[in-house]
Amino acid sequence: MLDHLIRRATVVDGTGGPAYTADVGIRDGRIAVVAEPGTITEEAVTSEDADGLVLAPGFVDPHTHYDAQLFWDPYATPSMNHGVTTVAGGNCGFTLAPLHPDRPEDADYTRRMMSRVEGMALAALEEGVDWTWSTFREYLDALEGRIAVNAGFMVGHCALRRHVMGADAVGGQPTPDQLGAMLALFHDAMDAGAWGLSTTQSATHSDGDGEPVASRHARPEELLALSRAVGEHEGTQLEAIVAGCLDQFSDEEIDLLVDMTAAAGRPLNWNVLTIDAAVPERVPRQLIPSERARAAGGRIVALTMPILTPMNMSLGTFCALNLIPGWGDILALPVPERIERLRDPATRAEMLRRADSKEAGVFRRLANFGRYVIGDTYSAANEGLSGRVVNDIAAERGQDPFHCLVEICAADDLRTVLWPMPTDNDPDSWALRQRAWEHEDVMLGGSDAGAHLDRMCGAPYTTRFLGDCLRGRKLLPLPTAVRMLTDDPARLFGLRERGRIEEGFHADLVLFDPDRIDAGPATLVHDLPGDSPRLDSKAIGIVSVRVNGVETLRDDKVTGAVPGTVLRSGRDTRTVSTA
């Protein structure tokens, strides 16, 4: 007997092939049968009519930071609401394990680092996670049997360094014995099912003390030793972030990425390829590592987002503005002193100069302050400004836009929420994206879901992208779009029997209305432990989500079921050839 039968669905199976109408039967967590409508005679415990609805494989998000959130939110919201059934965590060099059992202070260091570098609320990390594990295996085991999505995790380089080197991980170099201990610890994590190594060399990544995170101090020989270790385990990967990921790689960064993937003999992915017609030279430069990697026996894949993810800013709390060269020191001052400095014309002029300079890289996109929209305000002086564009307000006041923005924020003691309007929403940029998506070494993803919780909400990229393909710009046909969200990432990670609707595959499925599928606007909610805020976005048109055959969501409401699996390398992943 079937557990569930979905009748008359329009099946888009993840292969990129044409849609077709079929009945799909599920048994014991797998797709048992796919057949022409009306031809399945086996009885089913439950069934539903999906006439007019699309049935697709569950979406795979290749870049998330749900490492902590899954402990207080096993449903990985809002990703699961938007059809995501499998998430890859442990990215950018940051994981919650391993932790040294004799140094409880390491957990506090990790919490403060994750709060600073990944924008996770410190109160949520303290109250929502029990932190009782030491080894990576114990961390994975702590999640097993209590999550609604499938989740796999890389090992963060920062945690490996901290465990072996203690406080010397920041600023120090490992002795030969320490490097050996680091490799042994890493092998132990991969034996437990870790997906591989994640690391960062990015200048934007600092710990809770404002110091460069541990992996930024690693030299190439350390990175290559860890990369070679990755290649000794089945079904493993590399993920790396360098400073050039944000704009354009240096020659040294290209050499490093190519050497890492070649040493491992495993794919390496990086995040995130920003596509803007105003900087046409960026995409060719960023794909040079992929070309060189293939010649060296490796593979490098660039993740890129198929939507524009809005990110709010503030002069009062840490955000992307702090990463503009020369801005961090000013925006770290106590609020009264910060306001005084921001009101100084000479200071503002220098800040604008730095923000618009070549050294600002991709952050130059943030320098057009006249195009900012005012979000939430908190003072009588700013009443009626929410939703208005700074250029218009500045014209009324006879001020330059940055001066105007500073005065608005100062009236709110810098609590004002700011929404920069995207600079790359033009037809040429979308045409450039469409061409880039066709490249064999470009893959959709990079949501950062689970991180930067009160600043951005990238999780809805799946539904917003499909809605755009069906009813908006229509840059891609639906079967191609679904393949890019399902089979492509599943094959990159070597996921066994996931990413397609095929008999024998795991029944990770999403059922949606093609006439409605979309994502609602990002709204601020306070539902994290400690009443901390995050941005949320409602899914539109998602009828049902199933993970391993069990329904986890119906009409944007979680069912309470937790059928997800901690996906372990080797058992749940196979080695992906880089030849």
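Heads up: numbering here begins at 1 and tracks the sequence.
- Listed for the Arg341 side chain is no donor-acceptor partner under 3.5 Å among the backbone atoms of Leu331.
- Scored by the ring pair (Phe, Tyr, Trp, His ring centres under 6.0 Å) test, Tyr461 finds no partners at all (sequence neighbours excluded).
- Remark: of the listed residues Thr578, Thr261, Ile300, Asp441, Asp441 is the sole one forming a side-chain contact (heavy atoms from CB on, under 4.5 Å) with Arg294.
- With 3.5 Å as the limit, one finds no donor-acceptor pair spanning the side chains of Thr199 and Arg161.
- Between Arg353 and Glu350 there is a salt bridge, with a side-chain nitrogen of the basic residue lying less than 4.0 Å from a carboxylate oxygen of the acidic one.
- Looking at Thr462 and His82, their side chains never bring a donor and an acceptor atom within 3.5 Å of each other.
- A salt bridge does not link Asp259 to Arg228: none of the charged nitrogens lies less than 4.0 Å from a carboxylate oxygen.
- No side-chain donor from either of Ser79 and Asp61 sits under 3.5 Å from a side-chain acceptor of the other.
- Closest approach of Met443 and Val301 over heavy atoms only: CB-CG1, 3.8 Å.
- Between the side chain of Ser314 and the backbone N or O of Val417, no donor-acceptor pair lies under 3.5 Å.
- Residues meeting the ring pair (Phe, Tyr, Trp, His ring centres under 6.0 Å) test with Phe363, sequence neighbours left out: none.
- Note: Phe249 and Trp270 have perpendicular aromatic rings, judged against thresholds of 30 and 60 degrees for the angle between ring planes.
- The two residues Arg498 and Thr86 make their nearest non-hydrogen contact at CD-OG1, 4.4 Å.
- Asp424 has a carboxylate O that lies under 4.0 Å from a charged side-chain N of Arg365, or vice versa, which qualifies the two as a salt bridge.
- Ser202 and Thr200 are not linked by any side-chain donor-acceptor pair at a separation below 3.5 angstrom, with hydrogens and angles left out of the test.
- In terms of heavy-atom proximity, Ala449 sits nearest to Ala459 at CB-CB, 4.0 Å.
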